[in-house]
Amino acid sequence: MTDDIYLDANATTPVLPAAAAAALHTMQSLYGNPSSTHAMGLQAQALMAGVREQATRWLDTGTGRLVFVSGATEAIQTAVLSALCAIRTQRDCGAAVGRLLVYGATEHKAVPESMAHWNQVLGLHLALHALPVDSDGRHDLAALAAVAGDAALVCTMAANNETGTISDLDGIERVLVQYAPHALWLVDCVQALGKLPLRLRERRIDYAAFSGHKLYAPKGIGLLYVHADAPFTPLMVGGGQEGASRSGTENLAGIAALGAVFDALQGGSSFRDDAALLRMRQALVDSLREAFPDVLFNTPFACALPTTINFSVPGRASKDLMDVFDAAGVRVSAGSACSAAKAAPSHVLLAMGQPEARAASAIRMSFGPATEEAWITQACARIRRCGQALASAGPTHLPTDHGSTLPTASGPAMEPGTGDPAETAALEVHDMPQFLAHHPDARLIDVREAGERLAGGPLQLYGQATHHAALSELAQHCGPWLARPQAPLVFVCRSGARSARAAAMLRRMGHTNAWHLPGGLALQARQAE
Ligand code: PLP
C-alpha cells in the first residue's frame with residue numbers, strides 16, 4: 001500500500017496535465033523572451049497577453065490590473081510595500097493617516113511577517129494589530145469597527161488555508177467603507193481561487209494575492225491584482241517588465257500553465273461542481289467518524305470551503321496521527337505547509353479559541369476541485385484502516401531525548417573526533433545497496449510505532465523483510481543487539497528522525513555498527529523497490 005493518496009491540496013496541488021503540456025510546449029517551442037522584438041519575442045508577448053486577458057475575465061478585475069509574480073508571498077510583499085510607501089508619503093505631507101497595520105489573527109504568516117518587515121525597513125513605527133476571529137474563524141467585525149478608524153492598512157484572507165473558513169468579505173467591506181474609507185485593503189485570495197466568486201470589480205479591494213500552485217499550476221507563478229486607484233511601488237526593479245511593475249524576465253512556462261488552468265476553469269469539465277465537492281467532503285467526514293468515533297471537527301462545515309477538513313482526535317497528537325496516515329500512504333498535514341516543521345500548535349486554531357490540546361492534535365485534509373470521487377473512496381478506505389490500526393496499537397510512549405526508557409549507556413560509541421552520534425551513523429540512500437552487499441548479515445529494523453506498521457502493512461526494503469522494534473519499546477530489544485555490538489543494524493522510520501535517535505542510542509550504549517537512513521522511508525521506498 002505505497003501509492004500516494006494526496007490530501008494536502010492546500011499546501012500545493014499536482015499540475016493539471018493540460019497545464020504541464022502548456023508549460024512544456026512553451027519551454028520547447030515558444031521560449032522567446034517576451035521583451036524581445038523579433039517574432040519569437042512577439043509570440044511570447046502574445047501568449048502572456050492572452051493569459052492576462054483570461055485571468056482578467058475570470059477574476060472580473062474591472063479597471064484594476066494584474067501583475068504576474070512568482071507566487072502569493074511576492075504578491076503580498078508587493079502589496080504591503082506599496083501600501084506602506086504610500087502611507088509614508090502621506091504622513092510626510094502632513095496628512096492624517098492611521099497608525100495601525102491590521103491583519104486577521106488567522107492570516108498566513110506571509111501577511112504579518114511582510115507587514116512587520118516593511119514597517120521596520122521603512123522605519124514607519126506603525127503598530128501591528130491582530131484582528132480577532134470568532135470560534136468559527138471568521139473576523140470579528142465589531143472589533144474591526146472599533147479599530148478601523150485608526151487603520152492605515154487592513155489585510156484579511158478570503159478563505160483560510162488551515163481550516164477552509166470562508167471570510168465575510170462583504171461584512172468586512174461594509175465596516176471599512178463606514179469606518180475606514182482611507183485605509184488600504186489587501187485580500188489574500190490564495191485558497192479562494194477557483195473556489196469562490198471574488199467580485200473584484202465590485203469590491204473596494206485594493207490588492208489581492210493569488211498563487212498558481214494552489215490550483216494545479218506549477219510553483220513559481222502567481223498574480224497580484226491592483227485596484228486602479230491603489231498606490232503601487234514595485235518590489236523589484238530592473239528591466240522594466242510588466243510595465244515596470246515587476247522587473248525580471250517573466251516565467252513564461254508558468255504563465256502558459258496558469259493559462260491552461262484558467263481554460264479549465266472556464267471550460268468547467270476538469271473541475272468538479274459544488275455538489276460533487278460536498279459529496280466528497282461528506283464521504284471523508286463519514287470515514288473519519290467511523291475511524292475515530294470521538295473525532296472533533298474544528299470548523300463548522302457551513303462556513304468552510306468543501307475542500308478543506310480540519311479535525312482533532314482527543315488524546316492523539318497531530319504528529320502521531322500524521323505518522324499513521326503517512327504509513328497508510330495518506331498524505332495530510334497538521335497545518336500550513338510552511339509551519340509543518342515547527343512543533344507549535346496551530347496559531348489559527350488557537351486564535352479561534354480552541355484549547356491548546358485540541359490545536360496540538362489537529363490534522364488538515366484538503367483536496368482540490370479536480371479530485372476524482374474514486375480517489376476519495378480509496379482515501380476513505382485507508383482512513384478506516386488507520387482508525388483500526390491506531391485502536392489496536394494503543395497509546396505510545398516515546399523515550400525522551402535523554403533516553404530515559406533505555407538502559408543508560410556508557411562506552412565509546414564513536415570514533416575519536418566525531419560529533420553527533422546520529423550523524424556518524426547516517427547511511428545515504430545511494431550507499432545502501434553496496435552496504436548490504438558487504439554486510440549480508442545486516443538487519444533492517446523498522447522503528448515506527450505499531451499503529452503505523454498496522455496501517456501500512458508489512459515493510460519490505462531492498463528485498464528483505466524488516467524487523468519491527470518500535471522506538472517506544474526499543475529498550476526491550478537492545479539486549480541481543482548489544483551482545484553482538486559489531487553485527488550491523490540499520491534503523492528506518494518515516495522521516496529519519498526516530499531512526500537517527502535509535503542508532504544514536506545504540507551507539508551510545510556501545511554498539512559500533514548501528515546505522516540509520518536519513519530521509520526515512522519517504523526517500524527509500526522508490527529506491528528500494
Ligand atoms: N497565503 C495563503 C493563504 C497560503 O495558503 C499560502 C501558501 O501556503 C500563501 C499565502 C503563500 O503562497 P506562495 O506559496 O505562493 O508564496
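All values below were derived from every heavy atom in this structure, side-chain atoms included, with hydrogens, water molecules and symmetry-related copies excluded. Note that ligands are numbered from 1 as they come in the structure, with each ligand's atoms numbered from 1 the same way.
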Relative to atom 10 (C) of ligand 1, which among N160, N10, N161, D188 owns the nearest non-hydrogen atom?
-> D188
Using a 4.0 Å heavy-atom cut-off, say whether A72 meets ligand 1 through its side chain, its backbone, both or neither.
-> both
Going through the checks in order, is the salt bridge (Lys or Arg N to Asp or Glu O under 4.0 Å) test met by R199 and E173?
-> CA-CA 12 Å; R199 311 204 319 269; E173 181 170 37; 5.5 Å; no
Record the part of K219 in heavy-atom contact with ligand 1 below 4.0 Å; permitted values are side chain, backbone, both and neither.
-> neither
Pairs under 3.5 angstrom only: tabulate donor-acceptor contacts from the side chains of residues 182-192 to other protein residues two or more places apart or in another chain.
residue	atom	partner	partner atom	Å
W185	NE1	T156	OG1	2.9
D188	OD1	V190	N	3.0
Q191	NE2	N10	O	3.1

State the atoms of ligand 1, each with its element, that fall below the 4.0 Å cut-off from a heavy-atom position in G71.
-> 15 (O)
Side chain to side chain donor-acceptor pair (under 3.5 Å) with N298: of R364, E162, R358, only one passes, and it is R358
What part of E74, side chain, backbone, both or neither, has a heavy atom within less than 4.0 angstrom of ligand 1?
-> neither
So F292 and F325, would you call those rings parallel, tilted or perpendicular, with 30° and 60° as cut-offs?
-> perpendicular
Counterpart residues, ring pair (Phe, Tyr, Trp, His ring centres under 6.0 Å), relative to Y179 (two or more places apart) = none
Output the list of atoms in ligand 1 that are nearer than 4.0 Å to some heavy atom of S211, sorted by atom number.
-> 13 (P), 15 (O)
Should you measure from each heavy atom of H213, which atoms of ligand 1 turn up under 4.0 Å away?
-> 13 (P), 14 (O), 15 (O)
Numbered atoms of ligand 1 (with element) below 4.0 Å of M157, judged on heavy atoms | 3 (C)
Would you kindly specify which portion of T73 sits under 4.0 Å from ligand 1, judged on non-hydrogen atoms: side chain, backbone, both or neither?
-> both
Would a distance-only check, ignoring hydrogens and angles, find a side-chain to backbone donor-acceptor pair under 3.5 Å from S318 to A362?
-> yes
d(L350 CG, E356 CD) to nearest 0.5 Å is 6.0 Å
Quick one: look at E107 and ligand 1, take heavy-atom pairs under 4.0 Å, and tell me if it's side chain, backbone, both or neither.
-> neither
